[in-house]
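As the structure lists them, so they are numbered: ligands from 1, and atoms in each ligand from 1. Because only heavy atoms are used, hydrogens play no part in the values below, and waters and symmetry mates are left out as well, while side chains stay in.
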Amino acid sequence: MASRIPLVAGNWKMHKTPAEAGTFARNLLGNLPNNLAVNVVVCPPFPALPAVALKLADSWICWGAQNMHWDAEGAYTGEVSAPMLQALGCRFVILGHSERRVLFGETNEQIRKKVEAALSYGLKPIFCLGEELATRDAGEAEIFCLSQLADGLEGLPWANPEALVIAYEPIWAIGAGRTAQPADAVAVMERLREKIASWHGRDFAEKVRILYGGSVSPESIGSFMKEKQIDGVLLGGASLKLDSFSAIIRAAAEAKQGT
Ligand code: 13P
């Protein structure tokens with residue numbers, strides 16, 4: 001089994017002004033030792049990216065965006081592009097989050113174009129997928145997630161396994177205060193990894209990081225990170241507070257040490 005460095009990503013959604021985000025980033029950096037065996041990325045709202053970039057420049061913590069358009073420029077009111085994010089030092093971009101899919105009508109086809117554009121600019125997509133509760137209750141969670149994976153990624157020029165991260169976020173667990181059972185998340189992730197192996201080979205698939213997201217807290221992080229299949233977490237609410245974000249980052253680093 002390839003050893004994958006754990007990743008903890010904070011999706012701040014529509015929270016924090018530039019001043020708040022900058023202060024938070026500085027405090028996060030000050031709150032953590034810089035030799036933790038974990039990668040960390042914060043994804044503030046667009047207007048806060050410069051403030052966060054300023055505080056985290058030359059540090060071990062990365063930053064990224066929560067969305068982008070697939071074209072480099074054009075008449076798209078309200079949109080931002082990969083080269084614009086790159087110019088702000090972003091290394092990651094969240095794509096296909098269920099809030100984009102459900103609340104803003106993003107389609108698989110659009111998300112696929114975004115992933116392709118991000119890859120071509122060297123931005124790492126955090127490609128999100130996950131089922132509604134009714135789909136899980138119908139026993140179709142795995143098949144649904146596999147189809148989202150294929151719609152988003154099959155056939156794309158994804159040459160390096162580390163160029164993209166997958167986040168399994170069951171919609172019913174997001175902001176809900178209840179997580180998926182780690183074993184259920186693992187079952188989905190195993191199927192996703194098998195599918196990636198069928199496209200790119202087993203060695204490639206073993207190097208792809210797959211995160212869990214949905215109501216992860218300092219109390220629940222250990223139960224996820226002890227699973228070999230789970231390479232980290234995509235946090236919403238818990239990444240907004242210094243204490244909970246730092247505790248989760250430390251726990252993620254410790255959990256994978258020596259495994
Ligand atoms: P919560 O951690 O608040 O459930 O949000 C998860 C999420 O949507 C991260 O992208």
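Residue contact check: Glu169 has heavy atoms under 4.0 Å from atoms 6 (C), 7 (C), 8 (O), 9 (C), 10 (O) of ligand 1. For ligand 1, the atoms sitting less than 4.0 Å from at least one non-hydrogen atom of Leu234 are 9 (C), 10 (O), numbered in the order shown with element in parentheses. Listed by number with element, the atoms of ligand 1 under 4.0 angstrom from any heavy atom of Ser215 are 1 (P), 2 (O), 4 (O). Atoms of ligand 1 lying under 4.0 Å from any heavy atom of Asn11, numbered from 1 in the order shown and given with element: 9 (C), 10 (O). Set against the non-hydrogen atoms of Leu235, the atoms of ligand 1 under 4.0 Å away are 2 (O), 9 (C).
Shown are Val208, Ile126, Leu234, Leu211; of these, the side-chain contact (heavy atoms from CB on, under 4.5 Å) with Ile166 is made only by Val208.
Ligand 1 has no atom lying under 4.0 Å from any heavy atom of Ala238. Residue contact check for ligand 1: Gly213 places no non-hydrogen atom closer than 4.0 Å to it.
The closest protein non-hydrogen atom to atom 2 (O) of ligand 1 is Gly236 N, 2.9 Å. Protein heavy atom in closest approach to atom 3 (O) of ligand 1: Gly237 N, 2.8 Å. Regarding atom 10 (O) of ligand 1, its nearest protein heavy-atom neighbour is His97 NE2, 2.9 Å.
Considering only heavy atoms from C-beta on, Leu28 comes within 4.5 Å of Ser246 through its side chain. Using a 4.5 Å cut-off on side-chain heavy atoms (C-beta onward), Leu29 and Trp60 make contact.
Lys195 places no side-chain N or O within 3.5 Å of a backbone atom of Glu154 that could act as its donor or acceptor partner. Between the side chain of Thr23 and the backbone N or O of Ala19, at least one donor-acceptor pair lies under 3.5 Å.
The CE atom of Met68 sits 7.5 Å away from atom OG of Ser81, with the distance rounded to the nearest 0.5 Å.
Polar contact check, Ala176 against ligand 1: no nitrogen or oxygen pair lies under 3.5 Å apart. Between Val216 and ligand 1, no N or O atom pair is found at a separation short of 3.5 Å.
We find that Asp231 and Arg193 are joined by a salt bridge, their nearest charged nitrogen and carboxylate oxygen being less than 4.0 Å apart. Look at Arg100 and Glu106 and you find a salt bridge, because one of the NZ, NE, NH1 or NH2 atoms lies within 4.0 Å of a carboxylate O, short of that distance.
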